[in-house]
Amino acid sequence: MADKLELYHAGLSSCSKKSRLCLKEKGLPYRSHFVALNKFEHHDPAYLKLNPNGLVPTLVHNGTVIIESGVINEYLDEVFPEKPLRPSDPVARAGMRVFCKMADEYGLPATRIPTWTRTKQAQLKEMSAAEFDKVVAETPLVDHRLKLQALKGEGFTKKEFDEAYGKMDYIFARCETALLNGPWLAGEMYTLADIAILPYIFAFSEVRPELMQGHTRTADWYARIMARPAVKATYEPSAETAAA
Ligand SMILES: N[C@@H](CCC(=O)N[C@@H](CS)C(=O)NCC(=O)O)C(=O)O
């Protein structure tokens, strides 16, 4: 039986791009199910059965559900070993995982503060109290509920922005140091580390373009990664990037 891969994702979401980057790099075709975040389709009961966190992306492989973009990417590389994206050397693989963890723990929260302010605040402000309460009640993750409430009120605090900006500075600095031993973040090989970090470097440099100017090795890495066919196919305007 041919493998059937389905991806539930949203066009502009960094985590969705992470999994699309992996699928495309490995040349794995997949069927898209777009989840419109601005219509809160990620809170639909049917979607929550697949992804109890109410987040994108979600992968369904021959009927088996896998969630978490980083877990999805490791799963894909394990199940489809052609065109490997993880070093076989355990030390290099550990180095790769450190960057993947940094992407999840630092990259995503740092992106969320400016991105949610830009994409969600006006919409939440326009909602009636009843509409807003429904959205909050349907949001599975408590930290997301608190962030929605902050946006409906005063917006994120200076402290939250300072923390996000500090995380951006830190990730750029770590990339700059790692790339002394490049050409890629985990060394010789293009890996899931590069794929995990790229959507955040992309998002940070949209908010703070000066970061790229101040980090020349990261800027060089960014130019090289953006020239890869799978990366171009992920970032160039398409039906996927246009999907909400
Ligand atoms: N750790 C999760 C995080 C997923 C996540 O936060 N996805 C975002 C998009 S990047 C989302 O679904 N946000 C819901 C929203 O914006 O309401 C993963 O890596 O898959």
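Note that ligands are numbered from 1 as they come in the structure, with each ligand's atoms numbered from 1 the same way.
- At a threshold of 4.5 Å between side-chain heavy atoms, the hydrophobic network of Ile, Leu, Val, Met, Phe, Trp and Tyr places M96 and L76 in two separate groups.
- Every pair passing salt bridge (Lys or Arg N to Asp or Glu O under 4.0 Å) that includes a residue from residues 137-156 is listed here, sequence neighbours excluded: K134-E138.
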Pair E105, K101 - check salt bridge (Lys or Arg N to Asp or Glu O under 4.0 Å), show working.
CA-CA 6 Å; E105 292 178 0; K101 204 166 154 59; 2.8 Å; yes
Please evaluate residues Y8 and H33 with respect to the criterion ring-ring contact (aromatic ring centres under 6.0 Å, His included), reporting the C-alpha separation (whole Å), side-chain torsions for both, the decisive distance (0.1 Å), and the verdict.
CA-CA 5 Å; Y8 290 76; H33 300 277; 4.3 Å; yes
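- Taking the six-membered ring where the residue is Trp, the centroids of H215 and W221 are separated by 6.0 Å or more.
- Remark: side-chain polar atoms of R93 are not paired, donor with acceptor, to backbone N or O of S88 under 3.5 angstrom.
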Just list the N/O pairs, ligand 1 to protein, that are under 3.5 Å apart, with the distance for each.
residue, atom, partner, partner atom, Å
ligand 1, 1 (N), E68, OE1, 2.6
ligand 1, 1 (N), E68, OE2, 3.4
ligand 1, 6 (O), R112, NH2, 3.1
ligand 1, 7 (N), V56, O, 2.9
ligand 1, 12 (O), V56, N, 2.9
ligand 1, 16 (O), K120, NZ, 2.8
ligand 1, 17 (O), H42, NE2, 2.8
ligand 1, 17 (O), K120, NZ, 2.9
ligand 1, 19 (O), S69, N, 3.3
ligand 1, 19 (O), S69, OG, 2.6
ligand 1, 20 (O), S69, N, 2.8

